[in-house]
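See below for the structure under consideration.
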Amino acid sequence: MSRQYSYPASFEESLTQALASFQLTLKDSKALAKCVLALSDYFIQKPEAPTPWNETWAQVAYLCYYLPLNASRLRGIVAEAEKRNFFQGLERVIDFGAGLATASLVLSEKQAFRFQLIERAAEPQKLIETFFPQFTAEEWQRTFSAPKLKDPQKTLAVFSYSLTELSDIPDWAYECEALMLVEPSTQQDGRKLLQLRQKLLDKGYHVWAPCTHEGPCPLLTQSKTDWCHDRVHFAAPEWFLKMEEQLPMKNRTLTMSYLLMRKTPAEKIPAARVVGDRLQEKGKDRQMICRGPEREFLAWMHKTKIEQEIPRGVLVQIPENDVQKVSNELRVQKEIQRL
Ligand SMILES: C[S@@+](CC[C@H](N)C(=O)[O-])C[C@H]1O[C@@H](n2cnc3c(N)ncnc32)[C@H](O)[C@@H]1O
């Protein structure tokens, strides 16, 4: 069974109202796609440049493309976090580089947090306050520093696509109990996140997801090219599909790299995370899993007639008595169970 996500249902009305303020509707596929292409070209030409929020086309593109896509990715991550009880005891969220409050909007669906949003541009705050009445922030700030931290022991610091411009999290974030870091699943950003994971472990944080262990990351230490990333299926509405017809990029599945860490240790679970897609090889199928510092694969030998494809990113139980370890392969002798 695949993991399918879309953006929160309440966005539809908000997007309709917000686009109306630009004399647009969700059905203006060509005009919306033109804005998306303009912002995408801008980022291709200037990958390090800040989001040009002062431009109308950038606001439209964020509303109808990046917000729905990032919110769907974040819903997948929040679902994993909830499975592990990651939010227990947390009361505040600092959403750094909040943009259109993407992460806060998703977190506020089920969790009663108090939200501080840090966003250097003024336009996103105006759009959210005008068109997203379902969400209330405690405050929006243009900059942030340690003296503004209210209750770090109960605070989750969120960096959703806002670390790309930074080489490390800011000093104040190291005082927060919990961290949610989400990055584009590119090789460069993904591997940078794995290096940051090691630094955070060294500083006393514990990893809650996606890792099920706190050893060195095998994707970082055993390979020069791998990076850890998750994938969800995007349940795109009709208007999005129509807009996408005008675009060179398609989004049937969405990938993302993420880390959930806390100062409190996570409950140990005897599980592995599936970190690869199924690879079809001669005589067997393999999928990479992660449960320790070793780079390991589940292997289904064709002769056993056990056929399984496990979605990337889910947790599975490894029955020690029903797998045969051969080099870096765990040969499956009985169907693997998802957690
Ligand atoms: C790529 S957007 C991500 C927006 C949103 N978090 C999301 O997940 O869709 C990065 C945002 O971070 C903001 N930003 C970058 N550096 C910042 C800083 N030092 N202080 C406050 N905001 C910052 C930018 O203005 C931009 O809106």
Side-chain angles (χ1 to χ4, degrees), residues 5-8 11 14-15 18 35-36 38-78 81 93-109 113 115-129 131-132 135 137 139-146 148-149 156-173 179-186 188-189 192-193 230 232 234 251 254-260:
Y5 290 95
S6 190
Y7 52 81
F11 280 19
S14 298
L15 293 179
C35 295
V36 175
L39 188 55
S40 150
D41 286 347
Y42 175 92
F43 283 134
I44 290 168
Q45 278 158 26
K46 304 179 195 168
E48 304 294 318
T51 312
W53 283 111
N54 57 321
E55 302 284 358
T56 302
W57 47 265
Q59 293 179 36
V60 171
Y62 226 97
L63 282 164
C64 70
Y65 191 78
Y66 295 97
L67 174 65
L69 293 179
N70 286 353
S72 305
R73 293 180 166 101
L74 284 156
R75 271 181 144 192
I77 296 170
V78 167
V93 167
I94 300 174
D95 184 350
F96 183 85
L100 288 177
T102 322
S104 297
L105 282 164
V106 170
L107 284 166
S108 70
E109 279 190 283
F113 293 128
F115 292 93
Q116 272 174 285
L117 290 90
I118 321 304
E119 173 52 59
R120 66 178 162 209
E123 292 85 355
Q125 177 182 357
K126 190 155 174 263
L127 286 168
I128 292 301
E129 287 181 343
F131 301 111
F132 290 75
F135 173 73
E139 57 186 326
W140 285 78
Q141 287 159 325
R142 299 281 166 262
T143 59
F144 197 75
S145 55
K148 294 185 188 165
L149 266 180
L156 166 67
V158 176
F159 295 81
S160 170
Y161 298 92
S162 56
L163 261 187
T164 32
E165 298 166 34
L166 305 170
S167 56
D168 194 353
I169 55 172
D171 286 346
W172 58 261
L179 302 170
M180 180 180 205
L181 312 177
V182 187
E183 283 284 275
S185 72
T186 62
Q188 194 187 348
D189 291 322
K192 207 173 85 182
L193 193 60
D230 197 353
V232 293
F234 178 43
N251 296 279
L254 307 173
T255 54
M256 62 277 190
S257 293
Y258 73 96
L259 266 184
L260 302 175

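Each ligand, and each atom within it, is numbered from 1 in the order the structure gives. Nothing here was measured: the structure is a model prediction, and the numbers come from that model. Heavy-atom basis, side chains included; hydrogens, waters and symmetry copies ignored.
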Does only the side chain of Pro50 get under 4.0 Å from ligand 1, or the backbone, or both, or neither? Count heavy atoms. neither
For the residue pair Cys64 and Val36, establish whether any side-chain heavy-atom pair is separated by less than 4.5 Å. yes
Look at the rings of Phe11 and Tyr7 and say which category their plane angle falls in: under 30° parallel, 30 to 60° tilted, over 60° perpendicular. parallel
Are Tyr66 and Thr51 side-chain neighbours, meaning at least one heavy-atom pair lies under 4.5 Å? no
The answer for which part of Phe144 has a heavy atom under 4.0 Å from ligand 1 is neither
What do you reckon, does Phe96 have a nitrogen or oxygen under 3.5 Å from a nitrogen or oxygen of ligand 1? no
Distance filter under 4.0 Å to Tyr62 heavy atoms, resulting ligand 1 atoms: 1 (C), 2 (S), 3 (C), 4 (C), 7 (C), 9 (O)
Using distance alone, determine whether Arg120 and ligand 1 share an N or O pair under 3.5 Å. yes
For Gly99, atoms of ligand 1 separated by under 4.0 Å from a heavy atom: 4 (C), 27 (O)
Return yes if a side-chain donor-acceptor contact under 3.5 Å exists between Asn70 and Thr102, otherwise no. no
Is Asp95 close to Gln116 at the side-chain level, that is, under 4.5 Å between some pair of heavy atoms? no
Under 3.5 Å, N or O to N or O, is Glu119 touching ligand 1 that way? yes
Asn70 touching ligand 1 at heavy-atom level, < 4.0 angstrom: yes
Taking all heavy atoms of Pro184 and all of Tyr161, pick out the closest pair and write down the distance. N-CE2, 3.4 Å
For ligand 1, indicate whether the residue Trp53 contacts it via side chain, backbone, both or neither (heavy-atom separation under 4.0 Å). side chain
For Glu109, which residues count as a salt bridge (Lys or Arg N to Asp or Glu O under 4.0 Å) partner, sequence neighbours excluded? Arg75
